[in-house]
Amino acid sequence: MSPIFICQRCSQPLKLSEPLEMLASTQGEQGESQETGTSSEKMRGSEKLQVGASGGALPEDSNTSEDSGGFTLLGDVCSVGTLSSLQEATVQIFDILSGQKDVEHPLCEECTDNLLEQLDSQLTLVELDTQNYKRCLESGELQVEPETESLQAELRALELEEARLARELEDVDKGCARVAAALQEAEAETQELEQRERQSHREYSALKWQQLELCDQLGSIENQLWYAQAQLHWLNKTSIFQVTFEIREEGSVGIINNLRLGCLPIGPVDWNEINAAWGQVALLLLALSNTIGLEFQRYQLIPCADHSYLKPLTGNSALLPLFSDGSQNVFLSNKFDRAMIAFLDCLQQFKEKAEKGKQGLRLPYRIRVEEGLLEDSTGSGECCALRSHLNTREQWTRALKFMLVNLKCSLAWASLRYRKTQRPLM
């Protein structure tokens with residue numbers, strides 16, 4: 001069987017020429033007739049062919065090329081005689097061709113044609129480059145000196161520019177060093193400012209918290225002030241006398257601060273209540289006298305709840321109590337009646353002083369201190385004695401009501417006058 005070579009580009013099997021095929025076939029027939037050779041010789045021949053086909057060195061033949069090509073030999077080896085020497089020669093030729101060029105051999109016809117076209121195009125490009133180089137050389141020989149001078153001048157200018165740029169670079173390096181130092185200082189200052197900023201934030205937070213607390217306190221104080229102003233406004237419109245002392249009538253009985261002063265027709269009133277009512281009456285008259293600046297001349301009024309009394313200012317007379325347990329004395333000069341007459345005297349002194357001026361006090365019931373009577377001044381002429389002895393309970397109770405009516409009028413007059421003398425709220 002004839003050997004087969006592979007194209008090193010397209011890897012297609014190559015067709016051998018006719019003389020080489022005939023020689024290969026003749027050698028193949030002779031190899032078939034010779035079967036007496038030892039198997040070791042065939043193996044050595046086979047190894048030699050394979051080594052030669054792969055481009056390796058043949059140790060038994062000194063004419064074999066050391067550098068073989070990169071092609072492959074396929075087929076069965078039948079004889080190692082003349083065919084082997086022919087194959088070795090072919091391999092050497094391919095190695096020589098592959099070593100001289102960068103192209104591996106063998107090649108098929110198509111790959112050979114492509115290779116030739118590539119070489120022609122490369123040759124054309126080389127010729128064009130050669131022509132361009134020649135033209136450039138010819139033109140350069142005519143202008144070499146002017147260009148040299150201009151190039152030297154440009155070189156000197158570039159050297160000067162390089163020196164200037166070097167100096168500028170040195171200045172820039174110095175400036176960079178200064179900037180780096182300034183940057184380091186700025187970073188340190190920035191850190192300090194950040195620390196101060198954090199401290200300022202903490203202080204601001206503390207002050208903000210304090211402000212909120214102060215705002216709460218201010219709101220509370222404003223609410224208290226508003227409440228105090230409202231209370232003051234209410235108090236300015238309110239008479240202390242009218243709030244403290246409430247006088248009203250219930251039938252024929254006068255009542256002061258829910259305490260009955262006198263006896264009811266349907267039933268008696270406890271003397272403890274009557275004594276307590278006398279204490280409120282004494283306190284009211286003393287407050288009214290203090291309001292107008294009156295000092296009683298003959299008696300000193302001392303209110304002490306249900307044990308109030310009057311103290312005579314002349315002589316060593318005994319105290320006159322404005323309280324009683326209900327027992328009567330056959331004599332006209334019992335202390336309880338004398339105390340009530342003394343109280344009428346004090347009320348008359350208050351009336352006389354309060355009547356002075358344009359807005360003087362006018363009482364509905366005239367006081368007759370010597371007789372101990374209270375007379376209706378509206379025209380009816382009714383008189384009632386303010387004593388318990390030798391008097392009926394109804395008359396005495398009616399006289400007490402007249403006295404409370406006079407005190408109620410005095411209370412209204414003093415309330416109006418007291419309100420006008422109050423100082424306004426600043």
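Side chains included, hydrogens not; waters and symmetry mates left out as well; all remaining heavy atoms used. Along the sequence shown, the residues carry numbers beginning at 1.
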State which residues pass side chain to side chain donor-acceptor pair (under 3.5 Å) with [X]; sequence neighbours excluded, sorted by chain then number.
| X | result |
| --- | --- |
| Glu352 | Gln348 |
| Asp325 | Ser327 |
| Arg198 | none |

Any non-hydrogen side-chain atom of [X] less than 4.5 Å from a side-chain atom of [Y]?
| X | Y | answer |
| --- | --- | --- |
| Val281 | Phe343 | yes |
| Asn258 | Arg248 | yes |
| Leu386 | Leu373 | no |
| Ser308 | Ile302 | no |
| Leu284 | Thr244 | no |
| Glu117 | Ser121 | no |
| Leu374 | Cys383 | no |
| Leu151 | Glu154 | yes |

Considering non-hydrogen atoms only, spot the tightest contact between [X] and [Y] and give its length.
| X | Y | answer |
| --- | --- | --- |
| Ala277 | Leu261 | CB-CD1, 3.8 Å |
| Pro303 | Leu301 | CD-O, 3.6 Å |
| Leu310 | Cys346 | CD2-SG, 3.9 Å |
| Tyr309 | Pro321 | CB-CA, 3.8 Å |
| Pro312 | Tyr299 | CA-CD2, 3.9 Å |
| Gln297 | Gln349 | N-OE1, 3.0 Å |

Original post:
Is the number of heavy atoms from other residues, nucleotides or ligands within 6.0 Å of CD (Glu189) greater than 12?
Top reply: no

Subject >> More than 12 heavy atoms of other groups within 6.0 Å of Gln395 CD >> reply: yes

[atom1]/[X] to [atom2]/[Y] distance, rounded to the nearest 0.5 angstrom?
| X | Y | atom1 | atom2 | answer |
| --- | --- | --- | --- | --- |
| Asp113 | Gln118 | CG | CD | 11.5 Å |
| Leu218 | Glu222 | CG | CD | 4.0 Å |
| Leu169 | Asp173 | CG | CG | 4.5 Å |
| Thr291 | Leu411 | OG1 | CG | 9.5 Å |
| Phe336 | Leu320 | CZ | CG | 11.5 Å |
| Gln210 | Glu203 | CD | CD | 12.0 Å |

Original post:
Does the side chain of Gln199 come under 3.5 Å of the side chain of Arg196 through a donor N or O and an acceptor N or O?
Top reply: no

Subject >> Glu213 side chain to Trp209 side chain, donor-acceptor N/O pair below 3.5 angstrom >> reply: yes

Original post:
Yes or no on side-chain contact (heavy atoms from CB on, under 4.5 Å) for Leu347 and Leu407, after CA distance, side-chain angles and deciding distance?
Top reply: CA-CA 8 Å; Leu347 181 58; Leu407 287 173; 3.7 Å; yes

Could you give the side-chain donor-acceptor pairs of residues 397-406 under 3.5 Å, partners two or more places apart or in another chain?
unit_1, atom_1, unit_2, atom_2, d
Thr397, OG1, Cys263, N, 2.9
Thr397, OG1, Cys263, O, 3.4
Thr397, OG1, Arg393, O, 2.7
Arg398, NE, Glu382, OE2, 2.3
Arg398, NH2, Glu382, OE1, 3.3
Arg398, NH2, Glu382, OE2, 3.4
Asn406, OD1, Tyr365, N, 3.1
Asn406, ND2, Tyr365, O, 3.0

Original post:
When you look at Phe245 and Leu283, which way does the side-chain contact (heavy atoms from CB on, under 4.5 Å) test go after all the steps?
Top reply: CA-CA 9 Å; Phe245 302 98; Leu283 180 62; 3.8 Å; yes

**OP:** Show your working on side-chain contact (heavy atoms from CB on, under 4.5 Å) between Leu212 and Leu214 and close with a plain yes or no.
**Re:** CA-CA 5 Å; Leu212 293 175; Leu214 292 176; over 6 Å; no

Subject >> Contact list for residues 266-281, test side-chain hydrogen bond (donor to acceptor under 3.5 Å, both in side chains), sequence neighbours left out >> reply: Asn257-Gln280, Arg260-Glu273, Asp270-Asn272

Original post:
Hey, does the side chain of Ser205 reach the backbone of His201 with a donor-acceptor pair shorter than 3.5 angstrom?
Top reply: yes

**OP:** Only counting residues at least two apart or in another chain, list the ones meeting ring-ring contact (aromatic ring centres under 6.0 Å, His included) with Phe323.
**Re:** His307

**OP:** Go through Glu375 and Arg368 one step at a time and tell me if the salt bridge (charged side-chain N to carboxylate O under 4.0 Å, His left out) criterion holds.
**Re:** CA-CA 8 Å; Glu375 181 182 357; Arg368 296 163 60 179; 3.5 Å; yes

